[in-house]
Amino acid sequence: MSTLVSDLISSPPSKGTEAIVPVITDAVAITGLGDGLGVLWQKLMRGLSAVRPVDRFRTDRYTAGVAACIEDLTTPPDGSLIHPLLDRLFCQMGPISPDTFLITATTKAGIDVLEKIQTGMPADLQDVSLLSPAVAVMKAFNLTEGGINISAACASSTVAVARAAAMVASNRANAVLVCGVDVVTEFVFSGFSALKALSPAACRPFDRNRNGLSLGDGAAALVIMNPEAARRKKRPPLGKIIGWGVSNDAAHITAPDQNGTGLIRAVSRAMGMSGKLPDDISAVCAHGTGTLFNDRMEMTAFRQFFGPRRVPTYSIKGAVGHTLAATGAIEVAVGLQALKNRAAPPTIGLQEPMSEAVGWVNNEPVAFAGNCLLTTNSGFGGVNAALILEG
C-alpha cells in the first residue's frame, strides 16, 4: 500500500472540525463454528475448534489436510462457494438503507470457478472478479451509492473498516457497510502448501511448537455509522471505532519485518488518533496465525509497545482458521463481544506458550477491566492494520 493511501485512511479529521466518532451498529459473522455471532462467541469461550479434515477436495498432494470449512456449504452448479456463503450472511443481517456506501474485502473472490474450468465443468468467469462479492451485496440490499473492494491480503477487511471509519469521521458518509468474505479453495490451499505455511494439524497460535496456519471459510458484515445518523434511525451502537492506522513495512513479499516496525507504526497511528495511552488498552486481538515468523513479530511489537505490562492477548484462528480477507471483520465482531463481556476468549490450540508470549496469551478465558480493545492484522506484502474499539 502506498504512503498516500495509508495516510488517507489513517488521517484524523482536520483541525477545527468537530470530531465524529464512528459507531458500529450491526455485526454478523459466519464461520466454520456456525452461523451467527452469538454462536461463534459461545463456542470460542467453550474452547471449540472447527478445524477438521478437508473433504472439499483431495489433500493428499499437499503438506496438510485440515481446514475450518463450513461443512454444509453447497457449491452452485456453475458458480463460486462465495455465493451460498454470502446468502447465509445476508440471512443474519437486518435492514440496510439503500444509501449506505459499500466496502467489500476479499483476497481471491470466486477463484474456485477456475477449478471447475480445469475439470471441464461449466463456470461463470465473472465470479473470479474481485468485484463479484460487491455486486452480490449491492443486489441483495438494493444499494444505490456504489462501493469499492479492498484486497490487501490478510489485512483486507481491517483496512476496509479503517477506510469506512475515515469516511464517517470526515463526514463523507453517514453509513458504510463493510463485508469481508473468503472461502477455502484448492487454489489457495495449494499456494499456502507450496509456501510450507500450513500446519499438518490444527494451528497453535503463539505456541512454542507452532508450525503453520490453518485456513478457514468466513464472512462477516459490519455497519459503521455517524452516531447522530444512528440515533435518528434508532440503531443503538455496539461499540465505537476511536482509532485506526495502516502501514507497510516493505520487508518481504510474504514474511513480516521481524522487528515489528510496520505493525508498531500502525498501532501508534491508531493510538494517536484515539487519544488513549497504552495503559488504556484492556485486551489485544492479535493476528495470531500460528506461523513461526508472524507470531514472533507480533509479540516483538506488542512487548515493545506495551513495555513490561502484560496485556491479555488472544487469537481466534485456532478455532475458525485463517479466513483471509474476512479475518479482520470477524475479529472486530468478536472484539465487540469481548468488550461487552469484559473477557478475552481463549487462544484455542495453545498448549505451551512461546517464551515471548508467557503471561500474555492463555488457553482459558481471561477477564479484564476497562473498555478499550486493540485488534490488529498483518498480511503478505508487509501490510499492517490496527483498530481501537471502545465498548
Side-chain angles (χ1 to χ4, degrees), residues 19 21-25 27 29 37-38 40-42 44-45 47 158 161-162 165 205-206 220 222 224 227 236-245 260 263-264 266-288 295 298-319 327-348 350 353 356-378 384-391:
V21 180
V23 297
I24 303 172
T25 60
L37 183 55
L40 172 57
W41 177 254
Q42 292 170 12
L44 282 174
M45 295 299 279
T158 317
V161 172
F206 298 111
L222 307 165
I224 298 158
L238 303 173
K240 302 175 183 178
I241 307 172
I242 60 174
W244 51 91
L263 181 56
I264 291 170
V267 173
S268 296
R269 286 181 172 181
M271 290 295 294
M273 187 182 299
S274 73
K276 301 292 184 179
L277 299 173
D279 283 351
D280 295 319
I281 298 299
S282 306
V284 176
C285 176
H287 193 49
D295 293 10
E298 283 198 277
M299 288 312 307
T300 297
F302 296 151
R303 287 164 66 95
Q304 182 172 332
F305 191 83
F306 290 104
R309 176 173 171 247
R310 297 181 179 183
V311 183
T313 300
Y314 66 90
S315 166
I316 67 169
K317 290 184 176 63
T327 292
I330 292 171
E331 290 171 358
V332 167
V334 170
L336 293 172
Q337 288 291 305
L339 287 169
K340 177 182 177 181
N341 293 279
R342 295 295 189 266
T347 295
I348 297 164
L350 179 71
E356 300 93 330
V358 172
W360 291 72
V361 184
N362 293 273
N363 57 12
E364 296 289 339
V366 176
F368 60 78
N371 64 345
C372 290
L373 180 142
L374 166 67
T375 181
T376 71
N377 293 105
S378 301
N384 303 279
L387 304 169
I388 309 294
L389 307 180
E390 185 176 74

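Everything quoted here is computed from the prediction, not taken from an experiment.
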Nearest 0.5 angstrom please: T313 OG1 to I281 CD1, how far? 11.0 Å
Kindly determine whether I388 and M271 satisfy side chain to side chain contact (heavy atoms under 4.5 Å, CB included), including the steps that lead there. CA-CA 7 Å; I388 309 294; M271 290 295 294; 3.5 Å; yes
What I'd like to find out is whether the side chain of P278 reaches to under 4.5 Å of the side chain of F306, using heavy atoms alone. yes
Report the distance from atom CH2 of W41 to atom CD1 of I316, rounding to the nearest 0.5 Å. 10.0 Å
Side chain to side chain contact (heavy atoms under 4.5 Å, CB included) with P365: which residues, sequence neighbours excluded? M45, P346
Would you compute the distance between atom CG of L350 and atom OH of Y314 and round it to the nearest 0.5 angstrom? 15.0 Å
Just verifying a value: how many Å separate L222 CG and I330 CD1, rounded to the nearest 0.5 Å? 10.0 Å
For residues G288 and F206, report the shortest heavy-atom separation together with the two atoms involved. CA-CE1, 3.7 Å
Any donor-acceptor N/O pair, S282 side chain to A369 backbone, under 3.5 Å: yes
By side chain to side chain contact (heavy atoms under 4.5 Å, CB included), which residues pair with T25, not counting sequence neighbours? V23, V223, M225, A230, R235
Donor-acceptor contacts, no H, no angles, side chain residues 336-343, under 3.5 Å, sequence neighbours left out:
residue, atom, partner, partner atom, Å
N341, ND2, Q337, O, 2.8
R342, NE, G370, O, 2.8
R342, NH1, L339, O, 2.2

When you measure from the side chain of E298 to the backbone of H287, do you find a donor-acceptor pair of N or O atoms at a distance under 3.5 Å? yes
Using side chain to side chain donor-acceptor pair (under 3.5 Å) as the criterion, list what pairs up with S315, not counting sequence neighbours. none
Taken in chain and number order and not counting sequence neighbours, the residues that satisfy side chain to side chain contact (heavy atoms under 4.5 Å, CB included) with T158 are N377, A385, L387
Could you tell me which non-hydrogen atom of A27 sits nearest to which non-hydrogen atom of L37, and how far apart they are? O-CD2, 3.8 Å
Side chains of I241 and L389: does their closest heavy-atom pair fall under 4.5 Å? yes
Set of residues satisfying side chain to side chain contact (heavy atoms under 4.5 Å, CB included) with respect to A319, sequence neighbours excluded: L33, L44, I348
Taking all heavy atoms of F305 and all of S268, pick out the closest pair and write down the distance. CE1-OG, 3.6 Å
Are I24 and I224 close enough that some pair of their side-chain heavy atoms sits under 4.5 Å apart? yes
Identify the heavy atoms of G245 and A270 that sit nearest to each other, and give their distance. N-CB, 3.8 Å
Could you tell me if the side chain of C372 sits less than 4.5 Å from the side chain of I242, heavy atoms only? yes
I'd like to check D295 versus P205 (side-chain heavy atoms, cut-off strictly below 4.5 Å). Are they in contact? yes
Output every pair passing salt bridge (charged side-chain N to carboxylate O under 4.0 Å, His left out) with a member in residues 300-314, not counting sequence neighbours, ordered by first then second residue. none
Might you point out which heavy atoms bring W360 and G307 nearest each other, and give the distance in Å? CZ2-O, 4.3 Å
